There are 2 protein chains.
Amino acid sequence: MDFERADALNQAVRLLSLRHRARAAALLAPLGLHPGQEALLLELSRSGPMIQAQLSEALGCEPPSVTIMTRKLEATGHIRRAPAPSDKRASVVELTESGEALAGQVKLLWCALAEETVAGLPAETVAELPGILTAMTGNVDTRRPRRSRER
Amino acid sequence: MDFERADALNQAVRLLSLRHRARAAALLAPLGLHPGQEALLLELSRSGPMIQAQLSEALGCEPPSVTIMTRKLEATGHIRRAPAPSDKRASVVELTESGEALAGQVKLLWCALAEETVAGLPAETVAELPGILTAMTGNVDTRRPRRSRER
DNA sequence: CGGATAATGTTATGCGCATAACCAACCTGT
DNA sequence: ACAGGTTGGTTATGCGCATAACATTATCCG
C-alpha cells in the first residue's frame, strides 16, 4: 500500500478515536463519568458481578487500569467490591443500586451517540460497520498472541 | 437505534481505538517514539514548518497537549522551535535532520500498520474506509461548532 | 507432600489527552 | 491612542491507558 492511502487510514482511525471519545466525554460529564468508566458499568450491567481479571479481559485494558477505575467508581458509590469466597486473591465487583441506575442512563446516551456517529451513512454501511471495525481490531490485536487456532 | 446495535458500534470504536493505538505503540517503540508523537512528525513532514496553533489544529488536540509533545520531541532532538519573526507570541516548529530521518522510518511503519489493519477485508471496503471513518469523525466533531455552513 | 510456576491484584511511574487559569502580544474600534 | 477583546502559549491538575516490579494465593507436578 502506498503511503498516501496508509496515512489516510491511520489518521482516520486516530481522529475518530479522539473525537468519538471527546463526544462521549461531553455526553457522560453530566452523569459525573469519565470516558472509559461507562464501559465498566455497561459490562457489569451485561454480565453481572465478576472478578477484576474478567473485567480486564472484557474491557480490553490491563489489570492496573482496572484497579484504578474500580477504586474510583467505588469511591463514587457506583460499584461495590467484595472478597471472592473461593479465591482469597480475587475480589468480585458488582453494581450498586446507584450504579445500576447510572448504567441505565448511560444506555440512553449510548444509543444517541451511536446514531449521531453514523448519521448520514447508508443503512447498508451502518449494518456492516460493527463487523468491519471488529475485524480491524482483531487484525491489530496483540493481546491474544496465543489462541489463534481456536476451532 | 436499539441498544444492542448502538452498544456494538460504540464498543467496536472503543476497542479499535485501544488496539490500534497499542499496535502503533509496539511498532513505534523501537524508534523511541510514543503513539501520538508520530502524528506530529508526519504533519511537519507533510506541511513543513508551522506554528503550534496550526499543529494543534492539524493534530486535532488542544494547545496544552502540543506544548508538552513539542517539548519532549525537542528534548529528544527531533524538532526545533524558534520564535516567529512576525508574531512575538508564536513559535514556529520544524523538523531537525534526525526528525526527518525518523519521519521516514515512521512512514514505512505506517504502511505496514495500515496493511495489517485492513488485512482480509474486501478491497472495495478498504477503498471506502477512510471516507466512512472521516464522515463518522465529522459527525461527532465538536471542535468546530462554527463553520458548519461550508457545504 | 513440597517446591516451582501461574494467576490475581496492587503500587510506582510515565505518556497522551483534556480543562481551567493565566500571561503576553496582537488586533480592533471609537 | 488606548481600552477591550482575541489569539498564542504555558502551567497546574486530573483521567485513562501502559509497563515494570512486587506480594499473595492457587495450582501443578515430580
Side-chain angles (χ1 to χ4, degrees), chain A residues 14-29 31-41 50-57 59-76 81-93 142-143 146, chain B residues 14-29 31-41 50-76 81-93 141-143 146:
Chain A
R14 177 176 176 275
L15 285 180
L16 175 59
S17 302
L18 278 177
R19 298 290 129 239
H20 188 266
R21 185 183 184 85
R23 186 72 185 119
L27 291 173
L28 293 170
L31 303 184
L33 289 178
H34 294 272
Q37 301 185 325
E38 89 290 341
L40 205 158
L41 295 183
M50 57 202 299
I51 237 157
Q52 288 185 205
Q54 294 173 312
L55 266 177
S56 166
E57 180 69 17
L59 300 183
C61 59
E62 300 300 315
S65 303
V66 175
T67 295
I68 306 295
M69 290 168 68
T70 52
R71 178 186 304 159
K72 297 200 173 143
L73 284 172
E74 188 177 35
T76 53
R81 283 194 292 178
S86 59
D87 189 334
K88 290 181 185 170
R89 303 166 299 178
S91 66
V92 340
V93 30
T142 55
R143 278 193 115 220
R146 321 273 169 253
Chain B
R14 176 176 175 274
L15 285 180
L16 175 58
S17 302
L18 278 178
R19 299 289 129 238
H20 188 266
R21 185 182 183 86
R23 185 73 186 116
L27 292 173
L28 293 170
L31 303 184
L33 288 178
H34 295 271
Q37 301 185 325
E38 88 290 341
L40 205 158
L41 295 182
M50 57 203 300
I51 236 154
Q52 286 185 206
Q54 294 173 313
L55 267 176
S56 166
E57 180 70 17
L59 300 183
C61 60
E62 301 299 315
S65 304
V66 175
T67 295
I68 307 294
M69 292 168 68
T70 53
R71 178 186 304 159
K72 297 201 172 141
L73 284 172
E74 188 177 36
T76 52
R81 282 194 293 178
S86 58
D87 189 333
K88 289 179 186 170
R89 301 167 301 177
S91 66
V92 338
V93 30
D141 192 353
T142 54
R143 278 193 115 222
R146 321 266 173 258

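Protein chains get the first letters and strands the later ones, always in sequence-line order, with residue 1 at the start of each. Keep in mind the model is a prediction, meaning the values are calculated, not measured.
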Which atoms of nucleotides 11-15 of chain C (N or O only) lie under 3.5 Å from a protein N or O atom, and what are those distances?
| unit_1 | atom_1 | unit_2 | atom_2 | d |
| --- | --- | --- | --- | --- |
| C/dT11 | OP2 | A/Arg71 | NH2 | 2.3 |

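Computed from coordinates, the B/Glu74 CD to D/dG9 P distance equals 13 Å when rounded to whole Å. A straight line from CD1 of A/Ile51 to P of D/dT25 spans 15 Å, rounded to a whole angstrom. Atom CG of B/Leu59 and atom P of C/dA18 are 10 Å apart (whole Å). Rounded to a whole Å, the CG atom of A/Leu55 is 12 Å from the P atom of C/dT8. In this structure, A/Arg21 atom CZ and C/dA18 atom P are separated by 10 Å, rounded to whole Å. Per the geometry, CG belonging to B/Leu15 stands 17 Å off P belonging to D/dG16, to the nearest Å. In this structure, A/Glu62 atom CD and C/dT10 atom C1' are separated by 14 Å, rounded to whole Å. Between the NZ atom of A/Lys88 and the P atom of C/dA7 there is a distance of 21 Å, rounded to whole Å.
In this structure, CG on B/Leu55 lies 5.0 Å from CG on B/Leu40, to the nearest 0.5 angstrom. With rounding to the nearest 0.5 angstrom, the CE atom of A/Met69 is 14.0 Å from the CD atom of A/Glu74. With rounding to the nearest 0.5 Å, the separation of CG in A/Leu27 from OG1 in B/Thr142 is 9.5 Å. Taking CG of B/Asp141 as the start and CG of A/Leu15 as the end, the distance is 8.5 Å to the nearest 0.5 Å. Remark: A/Arg19 CZ to A/Arg14 CZ distance equals 9.0 Å, nearest 0.5 Å. Atom CZ of B/Arg71 and atom CG of B/Leu73 lie 12.0 Å apart (nearest 0.5 Å).
You'll find a donor-acceptor pair under 3.5 Å spanning the side chain of A/Arg89 and the base of D/dT25, going by distance alone.
Phosphate contact (OP1/OP2 of C/dA18, side-chain N/O of A/Arg23, threshold under 4.0 Å): absent.
Distance from the side chain of A/Ala90 is smallest for C/dG9 among the nucleotides C/dC17, C/dG9, D/dA26. Closest approach to the A/Met69 side chain among D/dG8, C/dC17, D/dG16 is made by D/dG16 (side chain taken as heavy atoms from C-beta onward). In this structure, the nucleotide among D/dC17, C/dC17, D/dT25 sitting nearest to the side chain of A/Ser65 is D/dC17.
Heavy atoms of B/Ser56 sit nowhere under 4.0 angstrom from any nucleic acid atom. Nucleic acid contact for B/Gln52: sugar-phosphate only, since backbone atoms but no base atoms lie under 4.0 Å from a heavy atom of the residue.
Residue order along DNA chain C, read from the 5' end via each residue's closest nucleotide, puts A/Pro63 first among A/Arg19 and A/Pro63. Nearest-nucleotide assignment on DNA chain C puts the 5′-proximal partner with A/Arg81, out of A/Arg81 and A/Arg14.
With hydrogens and angles ignored, the 3.5 Å screen pairs no side-chain donor or acceptor of A/Ser91 with any backbone N or O of A/Ala82.
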